[in-house]
Novice: 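Here it is, the structure, as structure tokens.
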Protein chains: 2
Amino acid sequence: MHKSKLAGLVIDCQASHVRDAANFWHGVLGGELDIDEDGKYAAISDQGDIQVLVQAVDHPARVHLDIASDDKDAEVTRLEGLGAKKVVTIKSWIVMEAPTGHRFCVVNPQTDNFDQTANRWE
Amino acid sequence: MHKSKLAGLVIDCQASHVRDAANFWHGVLGGELDIDEDGKYAAISDQGDIQVLVQAVDHPARVHLDIASDDKDAEVTRLEGLGAKKVVTIKSWIVMEAPTGHRFCVVNPQTDNFDQTANRWE
């Protein structure tokens, strides 16, 4: 048995530094903005149960979903069974591509309520 | 004074009928799946505070955000002030484009807790 859940969404923005993009989306969404020191990520808090991140990327702008799991290998295998394909592993997260064409990531649990709120897969 | 908040995310899938795409994302995310009669939309429940929809579209696959507001005209004006541009109005929602290139929608309040949880803009 392992667990997974929708952990958050990442607003990927084509930029060398995340500042301008993060300021725009913070203006849209409210909450508190926290930009990391190297300018690649920003977190926008207070968006309900899910994490909202803004990321500076090289590829064209998109929004991608993060799926948190307590067993990422088991979750990747489960998702492959649904038709998704593994693209690349970056640091602690695994980038996958859905049969619908969307990229998404499998990541570690992000919040204290993960165990209580995640889906259980037997 | 008006209010707005992140209401949900829409997984836009290039398809004539939403069924296959909705089944895949339902498999990923769990919850309950509700496909509308004309096959254009599906709702995936139990994803925390935000609505998750799958939509059959003609354009390439993407994920877009829905921003709910109790005064959509005031919200569009506020967002234009942040640098967003109005693209088109479809039914009751207004499609906008962010300076980061992302399309998103301004929609009516979606949930009973809107008044308590939305940002207040003076």
Side-chain angles (χ1 to χ4, degrees), chain A residues 3-15 18 20-31 44 46-52 54-57 60-65 67 69 75 78-79 81-84 96-104 106 111 113 117-121, chain B residues 3-15 18 20-31 44 46-52 54-57 60-65 67 69 75 78-79 81-84 96-104 106 111 113 117-121:
Chain A
K3 296 181 181 178
S4 73
K5 67 170 287 186
L6 176 64
L9 59 92
V10 185
I11 305 171
D12 291 329
C13 301
Q14 206 164 27
V18 78
D20 291 349
N23 282 334
F24 170 78
W25 284 103
H26 176 225
V28 174
L29 298 174
I44 301 175
D46 301 332
Q47 303 304 313
D49 300 332
I50 65 163
Q51 281 203 320
V52 176
V54 183
Q55 182 181 200
V57 298
R62 60 181 174 235
V63 174
H64 79 256
L65 304 188
I67 309 298
S69 180
E75 180 66 0
R78 189 183 77 84
L79 296 170
L82 296 174
M96 300 195 76
E97 185 167 305
T100 52
H102 301 80
R103 296 279 173 106
F104 63 100
V106 178
T111 53
N113 69 354
T117 57
N119 300 294
R120 295 167 56 97
W121 309 110
Chain B
K3 296 181 181 179
S4 73
K5 67 170 286 186
L6 176 64
L9 59 92
V10 185
I11 304 171
D12 291 328
C13 301
Q14 207 164 27
V18 78
D20 291 348
N23 283 334
F24 170 78
W25 285 104
H26 176 225
V28 174
L29 298 174
I44 301 175
D46 301 331
Q47 304 303 313
D49 300 331
I50 65 164
Q51 281 204 319
V52 175
V54 183
Q55 183 181 201
V57 298
R62 59 181 175 236
V63 174
H64 80 255
L65 304 187
I67 309 297
S69 180
E75 180 66 0
R78 188 183 78 83
L79 296 170
L82 296 174
M96 301 195 76
E97 185 167 304
T100 52
H102 302 80
R103 296 278 173 105
F104 63 102
V106 178
T111 54
N113 69 355
T117 56
N119 300 294
R120 295 167 55 98
W121 308 110

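Because the structure is a prediction, the values reported are computed rather than measured. In what follows, every chain begins at residue 1, and chains take the letters A, B, ... in the order their sequences are listed.
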Novice: So for B/Thr117, is it side chain, backbone, both, or neither that comes closer than 4.5 Å to the heavy atoms of chain A?
Specialist: neither
Novice: To the nearest 0.5 Å, how far apart are CG in A/Leu9 and CD in A/Gln47?
Specialist: 8.5 Å
Novice: Taking A/Gly48, A/Ala15, A/Gly27 one by one, which has the highest count of heavy-atom pairs under 4.5 Å against chain B?
Specialist: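 Top option by heavy-atom pairs under 4.5 Å: A/Gly27.
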Novice: Out of curiosity, A/Trp25 CH2 to A/Ile44 CD1, how far, rounded to the nearest 0.5 Å?
Specialist: 8.5 Å
Novice: Distance from B/Thr111 atom OG1 to B/Asp49 atom CG, nearest 0.5 Å?
Specialist: 8.0 Å
Novice: Is it the backbone or the side chain of B/Asp12 that comes under 4.5 Å from a heavy atom of chain A, or both, or neither?
Specialist: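 Backbone only.
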Novice: Any idea which of B/Gly101, B/Pro99, B/Gly83 has the most non-hydrogen atom pairs under 4.5 angstrom with chain A?
Specialist: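 That would be B/Pro99.
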Novice: Which one wins on heavy-atom pair count under 4.5 Å against chain A: B/Ile50, B/Asp46, B/Asn23, B/Val63?
Specialist: B/Val63
Novice: Which bit of B/Val54 comes within less than 4.5 Å of chain A, counting heavy atoms only: side chain, backbone, both or neither?
Specialist: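 Nothing of B/Val54, per the 4.5 Å heavy-atom cut-off to chain A.
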Novice: Which atoms of B/Arg78 come close to chain A, meaning under 4.5 Å heavy atom to heavy atom: side chain ones, backbone ones, both, or neither?
Specialist: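 Just the side chain, heavy atoms under 4.5 Å.
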Novice: Is a side-chain N or O of A/His64 found less than 3.5 angstrom from the main chain of A/Ile11, in a donor-acceptor match?
Specialist: no
Novice: Counting only non-hydrogen atoms closer than 4.5 Å, does B/Leu82 touch chain A with its backbone (N, CA, C, O), its side chain (CB onward), both, or neither?
Specialist: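 For B/Leu82, heavy atoms of backbone and side chain both lie under 4.5 Å from chain A.
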Novice: With a 4.5 angstrom heavy-atom cut-off, could you sort out which part of B/Leu29 is near chain A: side chain, backbone, both or neither?
Specialist: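 Contact with chain A: backbone and side chain both.
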Novice: Taking B/Asn119 for its side chain and B/Lys3 for its backbone only, find out whether a donor-acceptor pair lies under 3.5 Å.
Specialist: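 Here the side-chain-to-backbone pair does not exist.
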Novice: Should B/Val106 and B/Met96 be marked as a side-chain contact (heavy atoms from CB on, under 4.5 Å) after you check the CA-CA gap, both sets of side-chain angles, and the distance that decides it?
Specialist: CA-CA 8 Å; B/Val106 178; B/Met96 301 195 76; 4.0 Å; yes
Novice: For the CD atom of A/Gln51 and the CG atom of A/Leu6, what is their distance to the nearest 0.5 Å?
Specialist: 10.5 Å
Novice: Checking heavy atoms, do the side chain of B/Ala118, its backbone, both or neither come under 4.5 Å from chain A?
Specialist: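 It is neither, since no heavy atom gets under 4.5 Å.
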